[in-house]
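Scope of the values below: all heavy atoms of this structure, side chains included, with no hydrogens, waters or symmetry mates.
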Amino acid sequence: MSLTFTHTVTERFLRYVTIDTQSDPESPTSPSTEKQKDLGRVLVTELKAMGVEDAHLDDYGYVYATIPSNTDKKVPVICFCSHMDTSPDCSGKDVKPQVVKNYRGGDITLPTDPTQVIRFAEHPALKNQIGNDIVTTDGTTLLGADNKAGVAEIMDAAHFFINNPDVKHGTIKILFTPDEEIGRGVDNVDLKKLGADFGYTMDGESAGSVEDETFSADGAAITIQGVSAHPGYAKGKMEHAIKIAAAIVERLPKEGCSPETTSGKQGFLHPIGISGALEQATVSFIVRDFTEEGLKEKETLLEGIVKDVMRDYPRSTYKFEVREQYRNMKQVIDRHPHILEYAIEAIRRAGLRPMRTAIRGGTDGSRLSFMGLPCPNIFAGEHAFHSRLEWVSRQDMEKAVQTIVHLAMIWEEKA
């Protein structure tokens, strides 16, 4: 079947990124910031205007919506999911998107802060963008393509389905989540209400990529109880908790086992914070690997470093705590190989070469898969996320929309 697309994805994206939806890891509320609901309300209004009658925003900041089946076949219910929040790592306030039309190659200097340059040599994906329209920021904020590109793509696909009733598909569920960037994206999702059998997050990078594998992830915290004494009379008495914490960080492996020295399927230990004072200090880590065995090895290595350091501080003590964050979704998705096969076929039908890759990170799909909704990740086109150099191209977003449409059609065909 030949499809004719009149895309709205770029226009939607340029509007969505101007809404500040930054999440806050220090906030105990859900969502962590109320401003995430600002985008949620916009999306609900737009969905209802399209004719998606059940679209709604709940108290936790989730947007749910349904595009009803238009086929007589019994088709599994599929869900397309993207997160609305942006990373706390870089400002998402007052985003001013720029469109570089008909990119001809070379570096892209961002206009408001010319020290921010998307260098051709450092962004190999730019080689595939010659002639395309590239959206960047002005250099003062992140862009928010992670993951408002995915949000805009799902919205454009919904617009397509509503306006092309002759294109057959089963029931399609839409889910937009808050707080993915701080690891709480599905904490309060109602899977019973969602009612989907299988899902896809639209949160990947290069056009054509589909990801069925993520890191497995733990958080680790080391709390050190030192020995306090008056600094004027501390000789032979004081054991400084902050210095103990610093010694632990200093003894981490210098080659390998860190984000800056690993790639591919290599995992790492990564200190993300030190806090405290003389008597007590805490060092927080994230631990990442593609296998649970790899996680355990790194956690054993870390505690071994702690024990070794603590020998020099005989009157101080420590507490070592590990908290599970998420697991490699491949464990679940491998049980349902057709989910990935259909995605690969949809990418092919959209005119792209499928690339099956692994994520050196996680998505909402990581946890959704273990909650009972197998959920691989499809490209959204975002690049250099969490930074002021973030960019996405109009053509890649449009290909993502086409992939969503073909994917829904394939599920109907195969039913």
Side-chain angles (χ1 to χ4, degrees), residues 13 16-40 42-43 60-63 81-97 110 112-113 116 136-152 176-189 201-205 214-215 217-221 258-260 268-276 282-288 323 325-326 359-367 377 380 382-392:
F13 176 71
Y16 300 160
V17 297
T18 64
I19 302 170
D20 181 10
T21 58
Q22 195 171 47
S23 48
D24 178 6
E26 302 304 319
S27 169
T29 62
S30 185
S32 65
T33 54
E34 279 295 306
K35 61 190 177 183
Q36 294 178 69
K37 290 183 179 179
D38 294 343
L39 177 55
V42 168
L43 298 172
Y60 295 111
Y62 293 84
V63 174
C81 171
S82 287
H83 65 89
M84 297 178 289
D85 66 316
T86 60
S87 170
D89 295 345
C90 184
S91 174
K93 182 176 171 57
D94 298 324
V95 173
K96 297 178 178 64
L110 303 183
T112 303
D113 184 353
Q116 298 295 312
T136 75
T137 71
D138 66 348
T140 60
T141 66
L142 51 65
L143 177 60
D146 179 14
N147 187 224
K148 289 170 185 170
V151 171
F176 297 129
T177 64
D179 290 338
E180 189 266 1
E181 294 290 6
I182 58 173
R184 287 153 38 187
V186 296
D187 279 6
N188 294 292
V189 69
T201 50
M202 302 297 298
D203 195 13
E205 192 176 24
T214 61
F215 270 145
D218 285 342
S258 66
E260 63 269 31
F268 55 73
L269 286 168
H270 180 43
I272 57 171
I274 299 180
S275 61
T282 299
V283 192
S284 302
F285 288 81
I286 59 172
V287 190
R288 299 291 187 263
R323 178 175 59 86
Q325 294 178 327
Y326 57 84
I359 309 170
R360 285 180 60 81
T363 67
D364 279 336
S366 304
R367 290 179 59 199
N377 191 43
E382 59 210 43
H383 293 272
F385 27 81
H386 298 198
S387 80
R388 291 188 278 170
L389 303 181
E390 190 180 11
W391 61 272
V392 66

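Proximity of a side-chain donor or acceptor of Thr201 to a complementary backbone N or O of Ser82 within less than 3.5 Å is not detected. When atom types are taken as modelled, the side chain of Tyr62 and the backbone of Pro178 share no donor-acceptor pair closer than 3.5 angstrom. With Glu382 contributing its side chain and Asn147 its backbone, the two residues share no donor-acceptor pair below 3.5 Å. At distances below 3.5 Å, at least one donor-acceptor pair connects side-chain atoms of Thr21 with backbone N or O atoms of Met84. Distance alone, capped at 3.5 Å, places no donor-acceptor pair between the Gln116 side chain and the Leu110 backbone. No donor-acceptor distance shorter than 3.5 angstrom exists from the side chain of Tyr60 to the backbone of Val189, with no hydrogens or angles considered.
The side-chain hydrogen bond (donor to acceptor under 3.5 Å, both in side chains) search around Thr18 returns none, not counting sequence neighbours. Partners of Phe215 according to the ring pair (Phe, Tyr, Trp, His ring centres under 6.0 Å) rule, which considers only residues two or more places apart in sequence or in another chain, are Phe268, Phe290. Legend: residues meeting side chain to side chain contact (heavy atoms under 4.5 Å, CB included) with Thr33, ordered by chain and number and at least two apart, are Asp24, Lys35, Gln36. The side-chain hydrogen bond (donor to acceptor under 3.5 Å, both in side chains) check on Thr86 picks up nothing, with sequence neighbours excluded. With sequence neighbours excluded, no residue forms a side-chain hydrogen bond (donor to acceptor under 3.5 Å, both in side chains) with Thr141. In this structure Arg388 satisfies the salt bridge (Lys or Arg N to Asp or Glu O under 4.0 Å) test together with Asp113, sequence neighbours excluded. Contacts of Arg288 classified as salt bridge (Lys or Arg N to Asp or Glu O under 4.0 Å), with partners at least two apart in sequence or in another chain: none. Every ring pair (Phe, Tyr, Trp, His ring centres under 6.0 Å) that His383 has, sequence neighbours left out, goes to Trp391. Looking at residues two or more places apart in sequence or on another chain, you find no side-chain hydrogen bond (donor to acceptor under 3.5 Å, both in side chains) involving Thr136. Every residue meeting the side chain to side chain contact (heavy atoms under 4.5 Å, CB included) condition with Thr29, not counting sequence neighbours, appears here in chain and number order: Ser27.
Side chain to side chain, His83 and Asp179 fail the donor-acceptor criterion of an N or O pair below 3.5 Å. If you check the side chains of Thr140 and Asp138, you find a donor sitting under 3.5 Å from an acceptor. Side-chain atoms of Asp203 and Asn377 include no donor-acceptor pair closer than 3.5 Å.
Only one option out of Ser23, Ser30, Pro31, Ser32 pairs with Arg184 in a side-chain contact (heavy atoms from CB on, under 4.5 Å); it is Ser32.
Atom OG of Ser91 and atom CG of Asp20 lie 7.0 Å apart (nearest 0.5 Å). Between the CG atom of Leu143 and the NZ atom of Lys148 there is a distance of 9.0 Å, given to the nearest 0.5 Å. Of the inter-residue distances, the one linking Glu181 atom CD with Ser87 atom OG reads 5.0 Å to the nearest 0.5 angstrom. Cys90 contributes atom SG, which lies 8.0 Å from atom CD of Gln22 (distance to the nearest 0.5 angstrom).
Closest heavy-atom contact between Asp364 and Gly185: OD1-CA, 3.4 Å. For the residue pair Val17 and Pro97, the shortest heavy atom distance occurs at CG2-CG, 3.8 Å. Closest approach of Thr214 and Gly361 over heavy atoms only: CB-O, 3.3 Å. Of all heavy-atom pairs spanning Gly362 and Ser366, the tightest one is CA-OG, 3.7 Å. Closest non-hydrogen pair, His386 versus Leu142, comes out as CA-CD2, 4.4 Å.
A 4.5 Å side-chain heavy-atom check between Ile182 and Pro88 finds at least one atom pair inside the cut-off. By the 4.5 Å heavy-atom criterion applied to side chains, Leu39 and Tyr16 are counted as neighbours.
Contacts classified as salt bridge (charged side-chain N to carboxylate O under 4.0 Å, His left out) and involving residues 82-94 (residues at least two apart or in different chains) are not found.
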